[in-house]
Amino acid sequence: MNIFKQFYRSIYSPKDIASFRSQGIWKTISFLLILSIVASIPTIYYLSKSMNEGIHTLASTLEEDVPDFRIEDNTLHSDMKEPSVTNTEDLTIIVDSTGTYNEKNISSSGNTVALLPKEFVIVTAGQSQSFEYSYFGNIQASKSDLAALAKSFDSMVPLFTSIMAVIFFIFLAASKAIEAFILAIFGTVFARILGRELTYGQTWRITVYSMTIPTIFFFIMDSLETNVPNGSMLNWFISLFIVFLSIKEIETKKPIKE
């Protein structure tokens with residue numbers, strides 16, 4: 001049975017999942033990688049989309065809506081007596097030469113780029129990262145220079161997205177492998193309770209295919225940008241339930257009558 005037919009059968013048939021326990025290890029690893037690819041598609045898509053929109057918004061907003069400023073001797077200068085906060089649908093841009101803002105009171109914001117007296121802060125998905133201007137040498141830049149720099153990043157977005165996609169996929173594949181390892185431990189316990197003779201390797205193969213349904217479910221939810229309450233617990237529960245059903249489908253060996 002080819003790997004795509006196995007994918008289809010794993011959606012609805014615990015009996016077929018149980019039958020995959022004796023196949024080669026590399027075929028099962030290939031299947032695990034396919035699950036990782038499927039699970040990563042929504043995140044990579046929205047990452048690419050947000051990077052494109054964010055850079056475009058940053059460039060246009062700097063040009064049109066943000067007051068003039070300059071960075072000289074690694075310090076932000078402007079004629080503003082209070083911080084400038086520009087909100088758009090996708091991004092918030094803060095220019096503060098007064099020292100009112102700092103990384104702590106910015107980190108709770110949504111997607112934000114903040115230019116502060118001695119550093120700039122980037123906030124994405126609730127995570128903040130600060131960079132001192134001195135990291136880049138003794139820079140001299142005006143608002144128009146930074147807007148032009150942001151525009152130049154447009155052509156580099158595909159490269160950045162590709163690098164982020166590869167990193168995310170490696171991380172996700174590793175997490176899937178760890179998940180399968182832990183599920184297989186529970187699977188060996190189920191096998192003993194149900195009286196099925198299975199090696200750990202056979203149980204591990206079963207658990208990999210048992211992860212198909214939760215992977216598809218969260219693929220759909222992520223594609224719809226729908227948050228699933230207690231999603232991690234739900235994922236583990238569904239996977240464990242399918243592992244149990246699959247092991248239960250294995251026939252017990254009948255004793256030979258003398």
Side-chain angles (χ1 to χ4, degrees), residues 1-47 125 162-253:
M1 187 183 298
N2 68 57
I3 201 166
F4 297 104
K5 194 170 184 179
Q6 285 182 326
F7 186 91
Y8 173 69
R9 292 285 184 87
S10 298
I11 296 173
Y12 68 90
S13 177
K15 187 173 183 179
D16 281 314
I17 292 175
S19 71
F20 301 151
R21 67 188 183 277
S22 299
Q23 70 176 16
I25 184 68
W26 289 109
K27 191 171 185 179
T28 307
I29 291 175
S30 298
F31 190 87
L32 184 65
L33 292 176
I34 288 175
L35 290 182
S36 300
I37 291 172
V38 171
S40 66
I41 289 173
T43 300
I44 292 173
Y45 168 77
Y46 287 115
L47 172 65
S162 299
I163 294 172
M164 293 296 293
V166 171
I167 294 172
F168 179 74
F169 172 75
I170 292 172
F171 172 79
L172 188 59
S175 67
K176 286 284 187 186
I178 294 171
E179 182 181 344
F181 171 78
I182 297 173
L183 286 171
I185 295 175
F186 284 98
T188 57
V189 175
F190 294 154
R192 290 180 182 178
I193 294 173
L194 296 171
R196 271 56 169 186
E197 294 183 6
L198 292 173
T199 65
Y200 176 83
Q202 290 174 325
T203 308
W204 183 81
R205 290 172 176 85
I206 289 173
T207 61
V208 170
Y209 290 93
S210 298
M211 293 160 62
T212 304
I213 290 179
T215 297
I216 293 175
F217 172 75
F218 285 102
F219 166 81
I220 295 171
M221 293 297 102
D222 290 343
S223 297
L224 297 174
E225 295 187 278
T226 301
N227 182 48
V228 180
N230 300 314
S232 180
M233 291 182 63
L234 182 63
N235 173 66
W236 282 92
F237 175 78
I238 296 173
S239 297
L240 285 170
F241 183 64
I242 297 171
V243 169
F244 179 83
L245 292 180
S246 301
I247 293 174
K248 192 176 180 182
E249 288 291 336
I250 300 172
E251 294 183 1
T252 54
K253 293 183 178 180

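Between Glu251 and Arg196 the shortest side-chain heavy-atom distance does not fall below 4.5 Å. Side-chain contact between Ile25 and Arg205 is present, with heavy atoms from C-beta onward closer than 4.5 Å. Residues Thr212 and Phe31 are in side-chain contact: their nearest non-hydrogen atoms beyond the backbone lie under 4.5 Å apart. Annotation: side chain of Ile3 is in contact with side chain of Ser30 (closest heavy-atom distance under 4.5 Å). A 4.5 Å side-chain heavy-atom check between Val189 and Phe186 finds every atom pair outside the cut-off. The side-chain heavy atoms of Ser19 and Asp16, taken from C-beta on, include a pair separated by under 4.5 Å. For the pair Ile242 and Thr207, the minimum side-chain heavy-atom distance is 4.5 Å or more.
Counting heavy-atom neighbours within 6.0 Å of Lys248 NZ, excluding the residue itself, gives a total of 12 or less.
Distance alone, capped at 3.5 Å, is enough to place a donor-acceptor pair between the Asn2 side chain and the Lys5 backbone. The backbone N or O of Thr199 sits less than 3.5 Å from a side-chain atom of Gln202, completing a donor-acceptor pair. Looking only at distances, a side-chain donor or acceptor of Tyr46 sits under 3.5 Å from a matching main-chain atom of Ser223. Using a distance-only test at 3.5 Å, with no hydrogens or angles considered, no donor-acceptor pair links the side chain of Ser13 to the main chain of Arg9.
Distance check, rounded to the nearest 0.5 Å: CZ of Phe20 to CD of Gln23 gives 7.0 Å. The distance from atom CD1 of Ile247 to atom CZ of Arg21, rounded to the nearest 0.5 Å, is 10.0 Å. Taking CE of Met221 as the start and CG of Asn227 as the end, the distance is 11.0 Å to the nearest 0.5 Å. One distance of note links OG of Ser210 with CG of Leu240; it measures 9.0 Å at 0.5 Å rounding. Within the model, atoms CG of Leu194 and CZ of Phe190 stand 8.5 Å from one another, a figure rounded to the nearest 0.5 Å. One finds the CZ atom of Arg192 at 9.5 Å from the OG1 atom of Thr203 (value rounded to the nearest 0.5 Å).
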- Step by step, would you call Ile206 with Leu198 a side chain to side chain contact (heavy atoms under 4.5 Å, CB included)? CA-CA 10 Å; Ile206 289 173; Leu198 292 173; 4.2 Å; yes
- Message: Quick one, Ile216 with Phe7, criterion side chain to side chain contact (heavy atoms under 4.5 Å, CB included). Give me CA distance, side-chain angles, the key distance, then yes/no.
- Response: CA-CA 10 Å; Ile216 293 175; Phe7 186 91; 3.8 Å; yes
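Under the side-chain contact (heavy atoms from CB on, under 4.5 Å) criterion, Ser232 pairs with Trp236, sequence neighbours left out.
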Anything under 3.5 Å between a donor and an acceptor, one on a side chain of residues 34-43, the other on a protein residue two or more places apart or in another chain? List them.
from: Ser36; atom 1: OG; to: Leu32; atom 2: O; distance (Å): 3.0
from: Ser40; atom 1: OG; to: Ser36; atom 2: O; distance (Å): 3.2
from: Ser40; atom 1: OG; to: Ile37; atom 2: O; distance (Å): 2.9

Identify all side-chain donor-acceptor contacts of residues 168-183 below 3.5 Å with residues at least two apart in sequence or on another chain.
from: Ser175; atom 1: OG; to: Leu172; atom 2: O; distance (Å): 2.7
from: Lys176; atom 1: NZ; to: Thr215; atom 2: OG1; distance (Å): 2.9
from: Glu179; atom 1: OE2; to: Asn235; atom 2: ND2; distance (Å): 3.0

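Across all their heavy atoms, Pro214 and Ile238 have their closest contact at CD-CG2, 3.8 Å.
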